[in-house]
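I have placed the structure first, in the form of structure tokens, so that the comments after it can refer back to it.
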Amino acid sequence: MADYTIDTADGRLEALRRMLTIREFDTTAGEYFADGEIPGFVHLYIGEEAVGVGACAALEPDDYIASTHRGHGHCIAKGLDPKLMMAELFGKADGYCNGKGGSMHIADVDAGMLGANGIVGAGPPMATGAALTIDYQDRDQVALGFLGDGAVAQGQVHEAINLASTWDLPAIFLVENNQYGEATPVDKQHNADNLSDTAQAYDIPGITVDGMDVTAVAEAVEEARKRARAGDGPTLIEAETYRYRGHYEGDEQPYRDEAEIERWKQRDAIESFKKRLVDRGELTEDEFEELRADVEATIADAVDYAQEADLPAPEEAYDDMFGESVPEIEQFAARPRTDGGNRGGDSR
Amino acid sequence: MTAQASLDQEQTETMTVREAIRLALREELRRDEDVYVMGEDVGLFGGVLEVTGDLFEEFGEERVRDTPIAEAGFMGAATGAAATGTRPVVELMFSDFMGVSMEQIMNQMAKMRYMFGGKTEMPVTVRTTEGGGMGAASQHSGTVHAWIAHFPGLKAVAPGTPASAKGLTKAAIRSNDPVFVFENKMIYERSGEVPTDPDFTVPIGEAAIEREGEDVTVVATQRLVGESLETAESLAGDVDVEVIDPRSLYPLDTDTIVESVQKTGRLVVADESPLSYGIHAEVATRTMENAFFSLDAPIQRVGTPDTHMPFSPPLEQEVLPNGEDVREAVERIA
Ligand SMILES: Cc1ncc(C[n+]2csc(CCOP(=O)(O)OP(=O)(O)O)c2C)c(N)n1
């Protein structure tokens, strides 16, 4: 059984909590990035929360997901720990990747999260691979690959879906159409009206759903999961959504105007879901404010944790290249910064 | 003639590496109608690292073309386009994405002229960014120029200064062969004197002696050119370091390096790529083949110790080679 489902009142509250957690996590991450405490690039998921949460609500806890460069939301939706995520963003030793990966590579394979990914379009082949393991070992799971609208143009995405279809693998491909690939609008990248239309070519179902509606996404993924488990192969789902922030933090966004952003905000996934729950009598305004405060406290704790955590020791840079160590790395490294040795060079 | 001496004879302007590359693109777009630029968000957006900048305004979307996120597709399209009479200049946003497009590069672009009996030209330029230092983690920090230099049929250049950035970019565009221009992302802001003559190019295959010296030769590339020059200055008085920027990695100006080592008797090779099986080995081997009996000390390598570029700053600083590593290497043999 899923740890929660959107078919129950408790499950809907949990979905709302996760959407709020994503928004708070990413808002906070944006602030610490602007302050210079978070290195590298960060790509925020704000506005798209219903897609990740809807999808993961319809999965079982041990199903796999493969993510994208915009992966924080997928991680939280999948149930990863915001503390360890934040620690990773801060480059700390006990972050999810021991400070080796950062925002773009958060992963926890044991938790079914095959990694955010810095390479556009690299997630779907990973999902196909996980689905292959599931099929091969006859396990009761599915694998879902997230991808962006831009990633649909990648050759490896086509290859992955075609392979999963040909082998009837238990995979789901979920396109998050947030209308832009970096600065390029979706209609300049594709001539298809719906990005799910390409499903025809693989002879699998292709559907387009409202990605601002968490239940619509959950229902589509639930259907796809049933199909995958019945041995009928993958489904291609397109969720229409919108990112409120720039492509990455610091993006000045010359390619779109404020009015367009405002139009989408009118349909905000969190606001509209909250309103539905209030209308159904499943939530009061006070309870919502409590929930929000609770989420804010969780993320504040995550930041405290991340700030206090230790940075990795420099020599950890040489760990994890291989399972069995190779002498070359040790020779080349020779612990340069720590005990005044050298980097390369063979004369002592 | 040193790079500085040749600059003294020309009209120059101070600009950054980024501006120098943009100027090279602008001049070549103006000079030749068959030249056009393509890549992800190179148009209105001006490129994620802002290199193409405002070119879109002057040349429009036909000649500064945005592509979908499809590296294999557009690298292959550039190959086909070059074989049929136009001169595409591809921007590959990060060199790590070379992996996505490798088939078109290694089996088509590199091999067509040869396999077709010399009956095809391949005037394609690929510009891409390399290197760590931005906390961009392993998938956006690679230094992969050794791969391209290793494939027969491809040329690879890697500027270390604004002047060579301009001159190499222009030479690449004018070349009828496939030329990859590897731009280190940490030196886009580095500024220096750049010749303003629109016909200034840096011949592919010609190294520059950036600093003359008698005691140790440092062959340094990209970001490490600047860092090695600073190191050389700080060592002046104790060790007299000669700094050579090969500028072109394939073909490699072996003669300039060999002559220098025949003078100094000592060699350090500093390049950010991983140390095994790469540029360091090539420079060292050519030196030993040609100047073995001039060597007074073992050749030293400075590079990335066969790791990927990690994310967290202390880890990244640990593996990223810098001027301090060059100093230690020089001191080990001086
Ligand atoms: C292979 C590859 N090409 C280009 C990039 C640079 N890049 C990072 S994100 C991005 C846009 C992706 O757009 P989309 O798939 O729609 O996802 P979104 O950012 O909208 O979530 C690009 C071009 C990359 N990381 N990998």
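In what follows, every chain begins at residue 1, and chains take the letters A, B, ... in the order their sequences are listed.
Contact check for B/Ile69 versus A/Glu182: no side-chain heavy atoms found under the 4.5 Å cut-off. At a threshold of 4.5 Å between non-hydrogen side-chain atoms, the residues B/Glu61 and A/Lys188 count as touching. When side chains are defined from C-beta on, B/Gln139 does not count as touching A/His69, because their heavy atoms never get closer than 4.5 Å.
Chain A forms more heavy-atom pairs under 4.5 Å with one residue of B/Ser276, B/Ser141, B/Pro274, B/Gly99 than with any other, namely B/Ser276.
The parts of A/Glu88 that come within reach of chain B are both its backbone and its side chain, each placing non-hydrogen atoms under 4.5 angstrom from that chain. For B/Glu71, the parts lying near chain A are the backbone and the side chain together; criterion is any non-hydrogen pair under 4.5 Å. Residue B/Ala136 touches chain A through both its backbone and its side chain, counting heavy-atom pairs closer than 4.5 Å.
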CA sep, side-chain torsions, deciding dist, call: A/Tyr248, B/Val48, side chain to side chain contact (heavy atoms under 4.5 Å, CB included): CA-CA 10 Å; A/Tyr248 45 73; B/Val48 285; 4.3 Å; yes
Side chain to side chain contact (heavy atoms under 4.5 Å, CB included) between B/Glu40 and A/Thr184, worked out: CA-CA 8 Å; B/Glu40 290 153 13; A/Thr184 306; over 6 Å; no
Step-by-step side chain to side chain contact (heavy atoms under 4.5 Å, CB included) determination, B/Val100 to A/Gln154: CA-CA 9 Å; B/Val100 180; A/Gln154 278 286 3; 3.4 Å; yes
Derivation of the side chain to side chain contact (heavy atoms under 4.5 Å, CB included) call for A/Asp251 and B/Phe45: CA-CA 10 Å; A/Asp251 172 3; B/Phe45 197 62; 3.5 Å; yes
A/His105/B/Phe311 under ring-ring contact (aromatic ring centres under 6.0 Å, His included): CA gap, chis, key distance, verdict: CA-CA 10 Å; A/His105 308 92; B/Phe311 164 74; 8.2 Å; no
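Nearest heavy atom pair, residue A/Ala333 against residue B/Pro305, reads N-CB, 4.0 Å.
The one candidate from B/Leu275, B/Thr304, B/Val302 that meets the side-chain contact (heavy atoms from CB on, under 4.5 Å) condition with A/Phe332 is B/Leu275.
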